[in-house]
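To start, the structure itself, in structure tokens.
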2 protein chains.
Amino acid sequence: MRDISDDMRERLRAASVIFAERGFDGTTIEALSETTEVPSSTLYYYFTGKEEILTFLLGDWLERTSAGVENAICGEGSAKERLAAVVTAQLDAMAKDPATCQVLLAELGRIDRLPHVAEAVRAAFHAPVAKLLADGIAYDHFRVVDIENATSMLYGAVIITGLHHVISSHGAVPAFDSTAVADSVMDLVLTGLERV
Amino acid sequence: MRDISDDMRERLRAASVIFAERGFDGTTIEALSETTEVPSSTLYYYFTGKEEILTFLLGDWLERTSAGVENAICGEGSAKERLAAVVTAQLDAMAKDPATCQVLLAELGRIDRLPHVAEAVRAAFHAPVAKLLADGIAYDHFRVVDIENATSMLYGAVIITGLHHVISSHGAVPAFDSTAVADSVMDLVLTGLERV
DNA sequence: TCATACTTTGGAATGAGATTACAACATAGC
DNA sequence: GCTATGTTGTAATCTCATTCCAAAGTATGA
């Protein structure tokens, strides 16, 4: 993949919407070319193929997401407060770029086969949660739970809830109120369903 | 789609494994034909195409899953106990047929475009959870939470945790101990992270 | 200003694979 | 045996993705 100019990066954003609407293999290079107003020969000049375009879009989004999450994880506050900040940052990234995050989740299987993207997902979604759970347990703010399972659960809860709101929003941007959803998620995660 | 004999149904199961390994569009009809030992012309006699084969496999699995879940939801016990039974049934279905459930989650985007499958997923995974949450709140066994979000969260927690174990198990059947994972999931969902 | 290197783009060629068409053969039930 | 239905091989089509190539454009430094 060659260096992508800012102009090109800008035009390519529209490609996420097409991928989200039609799925990866329902999307032809021709459709991407028309939507982005970049001729298909030019697309092939920059990218080795359709999959690399997808990789670029997801990588770009995940990089921005990671930046927000890093920021949240490094902040002040208890593990609990930082976990809330991380979840908010993740949901905020989803709300702000619903098309790309929808593609990411629609193509989970393919992503497993794209090591660069898989690693970026881990860095933006898994790792921060695992770290904060471990911190919270170590400092006695959280109960002792199975970190492996709890990490998967929290990851799943966040992305599926975000996806639900993305799909319900029919393309609005931002797709939902990330703070409100994050509050709802953290409420259940911290306190649980059961009455005390 | 024509009626599928039991013999054919049996052979087709192997197709899930190929779909899981290679993804939907990485899988050629030829590969399915070799794996299932059903000639490709015969596959086209029964199905309109590759996507209908996928629909059949997922529908078959979801039907079995729904049966188990229905059973759990109708049983004795409080909303809490029945919720645990539902989660166990869902995870058990995943553990017993890891390939099919992996395909389901790998192709989430495509499934959105297959109304029959989307509806079956709702029936097997969403609806039972939503109902039990509502019941539990109505009978004062659960705190009052936003049911829409809580349903998505629990659904996400279950499928992503199940998927994690499926992938970690590298094809073993059953892929994991569904009761143990369900206990872990229910512990967090009921009690939350926070120390009391 | 020119030469060189890189960028952009159109259009034709190639090739893989999905799907269809069709014909031959098998088999079950009547 | 007769007919409808199931089974399968082969050839023909069609839709893309991808590759090739050549003609312009453009920036840049000598």
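We name chains A, B, ... by the order of the sequence lines, and we start the count at 1 in each one.
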For [X] and [N], what is the distance between atoms [atom1] and [atom2] respectively, to the nearest whole Å?
X	N	atom1	atom2	result
B:Asp3	D:dG6	CG	C1'	13 Å
B:Arg22	C:dA18	CZ	P	11 Å
B:Met8	D:dT5	CE	P	17 Å
B:Arg2	D:dA4	CZ	C1'	12 Å

Next item on the list: Would you please name every residue forming a ring-ring contact (aromatic ring centres under 6.0 Å, His included) with A:Phe142, sequence neighbours left out?
Entry: none
Checklist line | Residue list, ring-ring contact (aromatic ring centres under 6.0 Å, His included) with A:Phe125, at least two apart or on another chain | finding: none
Note to self: Contact list please: residues 39-55 of chain B against DNA chain C, heavy atoms, distance less than 4.0 Å, in numerical order.
What the structure shows: B:Tyr44, B:Thr48, B:Gly49, B:Lys50
Next item on the list: Using a cut-off of strictly less than 4.0 Å between a heavy atom of the residue and any atom of DNA chain C, enumerate the qualifying residues of residues 24-32 of chain B by number.
Entry: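 Correct list: B:Thr27, B:Thr28, B:Ile29.
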Note to self: Are the side chains of B:Phe56 and B:Arg9 in contact, using a 4.5 Å heavy-atom criterion?
What the structure shows: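 Touching, per the 4.5 Å side-chain cut-off.
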Check: Does A:Arg110 pair with A:Glu51 as a salt bridge, N-O distance under 4.0 Å?
Finding: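 Yes, charged N to carboxylate O under 4.0 Å.
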Checklist line | Note: B:Lys50-B:Asp25 ion pair, threshold 4.0 Å (strictly below) | finding: no
Note to self: I'd like to check the side-chain contact (heavy atoms from CB on, under 4.5 Å) partners of A:Ser78; sequence neighbours left out, ordered by chain and number.
What the structure shows: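 Per chain and number, A:Ser78 pairs via side-chain contact (heavy atoms from CB on, under 4.5 Å) with A:Lys80, A:Glu81, A:His141.
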Item checked: Sequence-distant partners of A:Ser16, side-chain contact (heavy atoms from CB on, under 4.5 Å), two or more places apart ->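 Here the qualifying residues are A:Leu57, A:Ala99, A:Thr100.
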Notebook entry, point to check: Given A:His164 and B:Asn149, is the side chain to side chain donor-acceptor pair (under 3.5 Å) satisfied, shown in steps?
Noted result: CA-CA 9 Å; A:His164 169 72; B:Asn149 281 328; 5.9 Å; no
